[in-house]
Amino acid sequence: MFYGVSVSDVKVTAATASQITENRTGTVIDLQQFKSVQSIVVDLSDGESAEVTLINLNPKVNRWYVLSLNNDSKRGAEEYHLENPYPQSQRLLLDEHSEDTLVLIRDREVLSCPPWKLFEKGELIAARKSQQVFAPLCNGNLFLRNPTKGNRTNIETVTEFIRDKLPGGESVVGFVKDTFFKDAFLEKADAKESTLELTKQSQPGFPEPANINPDFAKQMISPTGLGIQVDKETKDMLTGQWYAAKDNPGIFVSLIQPKAVAQNILISHRKIANRLDNVESGALAYLIAFDLDQFDLGFTIGTEHPRVEWSDRTLNGVRIPNTSGPDGIETIHPLISNGMISPFESARTVASFTGGFKRSHSAFKYGDFAKINKGSHYGFIESGVVLSTLQPGLATLLVLDDGTIEMKTWSKRDNVYLERIVHARQNGVPILELDSVSQQPIPGSLVGKWGAGNWSGSENMKLRTLRAGAALQENGEKRFLIYGYFSTATPSAMARVFQAYDCRYAIHLDMNALEHTYLAVYLQKERHLVVQHLIQDMSVLDKSGKGSYIPRFLGYPDNRDFFYIMRRNN
């Protein structure tokens, strides 16, 4: 039975939420149009009174809360970011009739918790002082998110210093990339023709193999850089064919060179996609697929990136004066971004991969998108909370409250789904999208446009570099999330490869370095966690402790945003 609660319960309209971006600078809480707010006044032991406010930032998603304690005569306001690990069955409420004030209810049962002692030295204060990234509360049924510092590599540290501190820093970084790191990760296929009668074929439960040129139908590739063990009898892998990951059901790996893509694909839509040069045509691409019948998808922003302030790319004509960012906020305070998979999800996590661009690159400097929607900064949502508004026209990877994973070009009419979105990440314009007339996947309309597509690369419009992307493949009732690592490629080459694998939509992720294109899979063997990387050299990005890997994102906080794959509880 629920406790009786005497509160003010407030829902904000979309119009109220939008006022922050047009008229003033506020906080990220002001952006949450679906939030509910409970406030009560409590009597303290010294005879004074204080206000306790509890905000459920999105009751439908029901993951993140902010608890505010306001005792003006002593401390002023204190704010705590709380995470609910059981959003389907558990809620946090204020009750002025309860001795503990803060009440945790699961399946209509009140859970027993240690005394909160909200304005004294109780469990909440101890959790804050513990400095644990996720500090357990109420016997582990709730977590306090504490501030932490995320890991960054030496390359990231130097690059950010140059960009932030040196005049013309972006040009300096571009020169270094073009001069010293050009095609630095290029991997050419160690290929040979099989003497066996091998052909492209579908297998039950597997993703659809690539549509390839018959001249490459018997090409076998030696996966020298592959770090994931697969079930196969021979060392080599047939071009465009999928192979099951060993002992990790529902995960598959494939290798291809863009030049092996079927000719009818390579010559299609030439007014949109650019012709591939000899280097990227022969550059090896590694793909990994996850069966969405078996997995859920999570998303977490890093301790530093992506940020929410204005990008330096924003044109003066669309920048709103006297605001800290396109949404009117400069930080996400009082929310805590801690760049790490939560302890209640880590046990079922089987893979993770880096997300999208930093904020500095997440707005348009050229083309139509630069002139609208304040520069069209890429939006993102975590745990049902809008941290940066989703912008129309941008490629979006999202997760709904029923677990559905979708990719689409966001439109204004999609805002009706906002309350149901658990996670979302935008990263520019589509690599691949459905043609509205033929309902067939085609290269995104700006795939071949450096400035208008905001593809980064370098200031002199050189698009070929190490890149990563994600795509959705639908095969009858089967759906697969596919991650692609392209050792050197333009967006056009990425589009052709995803077309070959019959993907219906594809989005760009990050680029230029292994830390930005990182993917690892995890396999629990007895009490030992086995970490395998899509590319073997990615292992240097994990920390080492007593001869074992401490995996990035799973074992320690990171400064960058990332996605993670979790095996479903059946």
Side-chain angles (χ1 to χ4, degrees), residues 12 16-33 35 37 53 55-58 63-70 76-83 128 131 133-135 143-152 156-157 160-161 163-165 299-314 319-340 355-363 373-391 423-426 557-562:
V12 233
T16 302
S18 68
Q19 287 176 2
I20 177 178
T21 63
E22 300 299 335
N23 304 325
R24 61 186 178 86
T25 295
T27 73
V28 69
I29 293 176
D30 297 317
L31 295 178
Q32 311 315 313
Q33 60 177 296
K35 68 178 179 281
V37 182
T53 300
I55 305 172
N56 186 337
L57 295 167
N58 184 335
R63 293 193 180 199
W64 281 4
Y65 292 75
V66 172
L67 178 67
S68 176
L69 310 178
N70 194 345
E78 296 178 2
E79 294 172 305
Y80 299 85
H81 182 181
L82 305 177
E83 179 145 354
R128 172 62 58 84
Q131 297 184 346
V133 179
F134 291 88
F143 288 87
L144 173 68
R145 295 170 65 99
N146 278 320
T148 188
K149 187 175 182 180
N151 182 71
R152 60 167 63 190
E156 287 179 309
T157 301
E160 287 196 11
F161 175 83
R163 281 181 170 137
D164 295 343
K165 304 297 182 182
F299 170 73
T300 293
I301 67 169
T303 56
E304 297 180 56
H305 303 291
R307 297 170 182 165
V308 295
E309 73 270 32
W310 292 105
S311 167
D312 290 340
R313 296 186 178 204
T314 314
R319 187 187 291 257
I320 306 299
N322 303 318
T323 56
S324 302
D327 287 307
I329 60 175
E330 189 174 18
T331 73
I332 64 167
H333 177 81
L335 303 184
I336 303 298
S337 56
N338 47 27
M340 185 176 178
F357 287 2
K358 296 178 181 179
R359 187 58 154 202
S360 56
H361 297 141
S362 294
N373 298 322
K374 306 165 194 168
S376 302
H377 291 69
Y378 305 172
F380 46 95
I381 295 172
E382 182 180 348
S383 295
V385 179
V386 176
L387 304 176
S388 181
T389 301
L390 300 184
Q391 298 297 334
H423 305 298
R425 178 63 152 105
Q426 295 185 314
D558 198 88
N559 79 105
R560 301 299 295 269
D561 66 298
F562 62 93

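The model shown is predicted, which means the values in this text are computed figures rather than measured ones. Values reported hereafter were calculated over all heavy atoms of this structure, with side chains retained and with hydrogens, waters and symmetry mates removed.
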Distance-minimising heavy-atom pair for [X] and [Y]:
X	Y	value
Leu390	Gly379	CD2-C, 3.7 Å
Ser337	Ile332	CB-CD1, 3.9 Å
Ile301	Glu382	N-OE1, 3.1 Å
Arg359	Pro326	NH2-CG, 3.2 Å
Pro334	Ile29	CG-CD1, 3.7 Å

Return the [atom1] to [atom2] distance between [X] and [Y], rounded to the nearest 0.5 Å.
X	Y	atom1	atom2	result
Leu67	Ile55	CG	CD1	9.5 Å
Leu335	Leu387	CG	CG	6.5 Å
Ser360	Glu309	OG	CD	8.5 Å
Glu330	Thr27	CD	OG1	13.0 Å
Gln32	Asn58	CD	CG	8.0 Å
Ser362	Gln426	OG	CD	10.0 Å

For the residue pair [X] and [Y], establish whether any side-chain heavy-atom pair is separated by less than 4.5 Å.
X	Y	value
Thr300	Met340	no
Ser383	His423	yes
Glu83	Trp64	yes
Val308	Phe380	yes
His333	Glu79	yes
Tyr378	Arg425	yes
Thr323	Trp310	yes
Pro306	His377	no

query = Of Val66, Leu69, Asn146, Ile336, which is the lone residue that meets side-chain contact (heavy atoms from CB on, under 4.5 Å) with Tyr80?
reply =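 Only one option passes, and that is Leu69.
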ask   = If only atom types and distance count, is the side chain of Asp558 paired as donor or acceptor with the main-chain N or O of Gly150 below 3.5 Å?
value =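 Judged by distance alone, no pair lies under 3.5 Å.
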request  = Quick one: do Leu82 and Leu144 satisfy side chain to side chain contact (heavy atoms under 4.5 Å, CB included)? Show the steps, please.
outcome  = CA-CA 5 Å; Leu82 305 177; Leu144 173 68; 3.8 Å; yes
key: Stepwise side chain to side chain contact (heavy atoms under 4.5 Å, CB included) check, Phe143 with Val133   = CA-CA 9 Å; Phe143 288 87; Val133 179; over 6 Å; no
Check against side chain to side chain contact (heavy atoms under 4.5 Å, CB included), His305 and Arg307 = CA-CA 5 Å; His305 303 291; Arg307 297 170 182 165; 3.7 Å; yes
inquiry  = Looking only at side-chain N and O atoms, does Asp327 offer a donor or acceptor that is under 3.5 Å from a partner on Thr389?
reply    =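 Distance-only check passes for Thr389 and Asp327.
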